[in-house]
Amino acid sequence: MATTPTGNPYELAQINISRLLAPLDSALLADFVAALDSVNATAEAADGFVWRLQDYGGNATEIRIFGDDWLIVNMSVWRDPDTLTAYVYSPEHRAVLGRRREWFARPVEAMTALWWVPAGTRPTVADAEQRLLTLRATGPTPDAFTLRDTFPAPLTVPPKATTRGPELTPCG
């Protein structure tokens, strides 16, 4: 059984998606694209960071979710909700987050979901889609929740974790 360095048999997966207002190579999104490497490096250096979804270019801009070319995806795994929250509200991330309305449409449904995964498991885009659909259908539950309404890691020991790679779906 895999565990985290702190002995926890679970880690926190998160998915957040956004609907682009313009193509990634447009002038409107130039500042967003320019900030990706720095924001990702800040995440990777953050306490509690475990893993993030990446395409062949090192970001996740080529990966599709829900088969929609206008949705951009960010998925990562963290030690716990506190470390994810600390990153989300860090000055580096907030500087980019504060400009999101310039680049992305206002959400009309849940675009972020959290869930617990056995330590060492790397969620797939299909896993993330299911968690978003669950959150949209039922609201926060232990199966899919938000930073505002978190649930503790399960008390049971998970089955042996298997690591799955990302499902890469290039634009096209």
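Keep in mind that this is a model prediction, so the values were computed, not measured. In what follows, every heavy atom counts, from backbone to side chain, and hydrogens, waters and symmetry copies are set aside.
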Test item: [X] and [Y] side chains (from C-beta on) under 4.5 Å apart, heavy atoms:
| X | Y | answer |
| --- | --- | --- |
| D127 | T124 | yes |
| L53 | R122 | no |
| Q14 | N74 | yes |
| P123 | W51 | yes |
| T138 | D143 | no |

Could you grab the distance from atom [atom1] of [X] to atom [atom2] of [Y], nearest 0.5 Å is fine?
| X | Y | atom1 | atom2 | answer |
| --- | --- | --- | --- | --- |
| I17 | M75 | CD1 | CE | 11.5 Å |
| T150 | L114 | OG1 | CG | 8.5 Å |
| R131 | I15 | CZ | CD1 | 12.0 Å |
| L71 | I63 | CG | CD1 | 13.5 Å |
| E109 | L133 | CD | CG | 8.5 Å |
| L29 | L21 | CG | CG | 7.0 Å |

Do you know which two heavy atoms are closest between [X] and [Y], and how far apart they sit?
| X | Y | value |
| --- | --- | --- |
| S90 | T42 | OG-CG2, 4.5 Å |
| I65 | A128 | CD1-CB, 4.4 Å |
| P81 | L147 | O-CD2, 4.0 Å |
| A22 | L28 | CB-CD2, 3.7 Å |

Over 60° means perpendicular and under 30° means parallel, so tell me whether [X] and [Y] are parallel, tilted or perpendicular.
| X | Y | value |
| --- | --- | --- |
| F104 | F32 | perpendicular |
| Y87 | W78 | parallel |
| Y10 | W116 | perpendicular |

Linking I/L/V/M/F/W/Y whenever any side-chain heavy atoms sit under 4.5 Å apart, do V88 and V96 land together?
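V88 clusters together with V96.
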Any chain of hydrophobic side-chain contacts (each under 4.5 Å) joining V73 to V50?
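Per the 4.5 Å side-chain linkage, V73 and V50 are co-clustered.
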Check whether any side-chain N or O of D149 sits under 3.5 Å from a backbone N or O of P140 as a donor-acceptor pair, and report yes or no.
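No, the answer is negative, given that no donor and acceptor are paired below the 3.5 Å cut-off.
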Between E11 (side chain only) and G120 (backbone N and O only), is there a donor and an acceptor less than 3.5 Å apart?
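Yes, E11 side chain to G120 backbone: donor-acceptor pair under 3.5 Å.
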Assess whether side-chain contact (heavy atoms from CB on, under 4.5 Å) is satisfied between V39 and H93, documenting all intermediate values.
CA-CA 6 Å; V39 168; H93 186 259; 4.0 Å; yes
Using a cut-off of 6.0 Å, state whether more than 12 heavy atoms not belonging to [X] lie near its atom [atom1].
| X | atom1 | result |
| --- | --- | --- |
| R100 | CZ | yes |
| R101 | CZ | yes |
| Y89 | OH | no |

N59/V33 under side-chain contact (heavy atoms from CB on, under 4.5 Å): CA gap, chis, key distance, verdict
CA-CA 10 Å; N59 292 305; V33 172; over 6 Å; no
Verdict with reasoning, L132 to F66, per side-chain contact (heavy atoms from CB on, under 4.5 Å)
CA-CA 10 Å; L132 279 167; F66 295 116; 3.9 Å; yes
So, F145 versus W115, ring centres under 6.0 angstrom or not?
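Here the rings of W115 and F145 have centres that are no less than 6.0 Å from each other.
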Would you sort out whether R64 and E129 count as a salt bridge (charged side-chain N to carboxylate O under 4.0 Å, His left out), showing the intermediate values?
CA-CA 11 Å; R64 292 295 157 256; E129 288 174 340; over 6 Å; no
Carefully, step by step, assess M111 and R136 under the rule side-chain contact (heavy atoms from CB on, under 4.5 Å).
CA-CA 9 Å; M111 303 291 267; R136 290 170 181 175; 3.6 Å; yes
If we count only N and O atoms by modelled type, under 3.5 Å, do the side chains of D80 and T83 hold a donor and an acceptor together?
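Side-chain D/A pair, D80 to T83: present.
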